[in-house]
Amino acid sequence: VTGHPPVLPYYATGFFQSKNRYINQSEIIDIANGYYSRNIPLSVIVIDYMHWINYGDWSFNPACWHNPSAMVSNLKESGTEVMVSLWPLVSPQSFNFPQMQKQKFLIHNKNGVPIEWNFGAYMYDSFNPGAREFLWQALKKGYYSHGIKTFWLDADEPQRFNTPDQSGQMYYYEGQDSQVGMAYPLYHQRAVYDGLISEHETEFLTLSRSAWAGSQRYHGAVWSGDIDSSYQSLYTQIRAAQNMALSGIYWWTTDIGGYIGANILDPMWQELVVRWFQFGAFCPLFRIHGYRTPLPPNNPTCGSSGGRNEVWEFGARAEVAITEMINLREQLRGYIMDMMRIANQTGEPVLKPLLYYYYHDAVVAAGGNAIEGQFLFGQDWLVSPVTTYGAREWMVYLPVLKDEPGRVWMDWYGKVKYNGGT
């Protein structure tokens, strides 16, 4: 039904820097230079939503992004790719709206009248081949022409809020929402995939908040959405990552630090973000994102932004610990590529529950919160993130290494060796 995933592009094995949101070109360049000057590896930097004038423009606001081509080129020369967010909404004020309405490229009711979605805008119909091609041509002009090939497909459930429930009343090119609606993100991912393939690109990914069986065929990665900044949420992500892998979606990530509810000056959150980095470094994609406080002043031209979200903004102790994890991830990139090739060839997930290998171990088979809070990363790493504030000791279960004579577990930091079953 789903097939094996493609091999993850090498650039996507490194660290992604993101926040809600960087508001203009100079800010992106300043943040990237902050990483370079501190010798902290930076593989991808993300331009979040509202970098446009209207939903559905699928292009940069030139008042805030005066030379995207030069920006992308300079970042690539420093080893950093640019990821850009796009939403499937189309505002009546967008220059693309009249043609999309005329061509019936919008989700509509049974009478063919487009249905208003969020923010007074409408949703393009990803099931319609013509709409997908229209979207790609807009993306090609607005982003790909500047050297951007990595797209963040946000709000592609498609997201609906603060509007009346119209379930059962929405119609797509392929049928009624109750029949086909859940596959919307799959076809949205296909729009970008088909476009990039037509440009002879082979190494790329899209990042979506939703997916469907087969999304990996279209190079689709998934993140777990706008989650709370809490230790409970961190623990939940560990379980979610394992379940996602067993569902056939191997390219997965989470908002390191959580998305909402974080004050970067709070000592508890500063410890939480360190713990989250210790988990995130062993996820298929390694990405920080979130809406932070305290908030900066609004920019009168380019709009509002969340608080700072760079690793040197969370206090000196956190910066040292986080930088250590980013550097460890950098060391692991060759290993990750090896595991991604195995996933491509055999279908074995990169991140997986202990049960995947150690089903014969009675403790592992019994499960429970402790066991489900641990996971395997590739074939060699067992990871047990700390998910309790203030913890300075942590119990870890090391499974029995059946039929593996001479093999033992070794603590990465202390290099102490342990037998399995302890």
Side-chain angles (χ1 to χ4, degrees), residues 14-22 27 30-32 34-35 37-46 48 83 152 207 223-241 252-296 305-332 351 373-375 377 383-394 412-413:
F15 175 56
F16 288 57
Q17 173 62 45
S18 181
K19 77 162 207 173
N20 181 343
R21 66 185 177 91
Y22 296 120
E27 187 177 18
D30 287 347
I31 297 305
Y35 278 93
S37 67
R38 292 170 173 83
N39 295 314
I40 301 174
L42 178 64
S43 292
V44 180
I45 193 163
V46 183
D48 201 352
M83 170 183 272
W152 176 10
L207 179 64
W223 97 100
S224 56
D226 298 348
I227 53 178
D228 290 337
S229 295
S230 67
Y231 282 90
Q232 179 58 48
S233 181
L234 171 57
Y235 174 74
T236 301
Q237 301 313 300
I238 298 167
R239 300 179 67 178
W252 182 90
T253 185
T254 178
D255 290 352
I256 290 178
Y259 177 77
I260 194 164
N263 182 325
I264 65 171
L265 305 179
D266 179 2
M268 180 179 289
W269 185 83
Q270 290 175 351
E271 183 171 317
L272 172 65
V273 75
V274 169
R275 297 306 189 192
W276 218 305
F277 263 96
Q278 291 167 348
F279 164 55
F282 295 94
C283 288
L285 300 182
F286 180 37
R287 164 185 164 275
I288 188 172
H289 182 65
Y291 183 76
R292 311 295 188 222
T293 59
L295 301 176
S305 172
R308 302 303 296 265
N309 199 36
E310 298 74 46
V311 303
W312 54 86
E313 297 289 347
F314 310 145
R317 291 181 63 189
E319 180 183 351
V320 170
I322 291 169
T323 302
E324 179 182 351
M325 298 314 300
I326 296 175
N327 287 329
L328 175 56
R329 175 70 175 214
E330 197 70 12
Q331 295 175 46
L332 290 173
L351 188 156
Q374 303 179 190
F375 61 92
F377 189 63
V383 184
S384 181
V386 175
T387 55
T388 300
Y389 176 60
R392 297 299 179 261
E393 295 181 346
W394 198 249
W412 169 255
Y413 292 101

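Using cut-offs of 30° and 60° on the angle between ring planes, the pair Trp223 and Trp152 is perpendicular.
With contacts defined as side-chain heavy-atom distances shorter than 4.5 Å, the pair Asp226/Ile260 does not qualify. In this structure the side chain of Gln17 reaches within 4.5 angstrom of the side chain of Tyr22, judged on heavy atoms. Side-chain atoms of Val320 and Glu324, non-hydrogen and from C-beta on, never get closer than 4.5 Å to each other. Side-chain atoms of Trp276 and Ser233, non-hydrogen and from C-beta on, do get closer than 4.5 Å to each other.
The two atoms that bring Ala32 and Ile45 nearest to each other are N-CD1, 4.2 Å, heavy atoms only. Across all non-hydrogen atoms, the minimal contact from Gly280 to Ile256 is CA-CD1, 4.1 Å. Residues Phe15 and Pro41 approach most closely at CD2-O, 3.7 Å, considering heavy atoms. In terms of heavy-atom proximity, Ser229 sits nearest to Arg292 at OG-NH1, 4.0 Å. Across every non-hydrogen atom of Ile264 and Phe314, the tightest pair is CG2-CE2, 3.8 Å. Residues Leu295 and Gly306 share a closest heavy-atom pair of CD2-CA, 3.8 Å.
Counting only distance, with no hydrogens or angles, the side chain of Trp394 and the backbone of Thr387 share no donor-acceptor pair below 3.5 Å. Under the 3.5 Å distance criterion, the side-chain polar atoms of Arg38 are matched with a main-chain donor or acceptor of Gly34.
Arg239 pairs by the salt bridge (Lys or Arg N to Asp or Glu O under 4.0 Å) definition with Glu372, not counting sequence neighbours.
Within the structure, the salt bridge (Lys or Arg N to Asp or Glu O under 4.0 Å) test picks out the following pairs touching residues 264-277 (sequence neighbours left out): Glu271-Arg392.
Within the model, atoms CD of Glu313 and CD1 of Ile31 stand 7.5 Å from one another, a figure rounded to the nearest 0.5 Å. From Ile238, atom CD1 reaches atom OG of Ser384 across 7.5 Å, with rounding to the nearest 0.5 Å. Once rounded to the nearest 0.5 Å, the distance linking CD of Gln237 with CZ of Phe279 reads 6.5 Å. Note that the CG atom of Leu207 and the CZ atom of Phe16 stand 7.5 Å from one another [nearest 0.5 Å]. Thr323 OG1 to Met325 CE: the interatomic distance, rounded to the nearest 0.5 Å, is 11.0 Å. A distance of 11.0 Å separates CD of Glu310 from CD1 of Ile322, quoted to the nearest 0.5 Å.
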- [ ] Apply the test side chain to side chain contact (heavy atoms under 4.5 Å, CB included) to residues Phe277 and Val311: give CA-CA distance (whole Å), side-chain angles for both, the deciding distance (0.1 Å), then the verdict.
- [x] CA-CA 10 Å; Phe277 263 96; Val311 303; 4.0 Å; yes
Can you give the donor-acceptor pairs under 3.5 Å from side chains of residues 281-291 to other protein atoms, not counting sequence neighbours?
unit_1	atom_1	unit_2	atom_2	d
Arg287	NH1	Asp255	OD1	2.7
Arg287	NH2	Asp255	OD1	3.0
His289	ND1	Ser18	OG	2.8
His289	ND1	Lys19	N	3.4

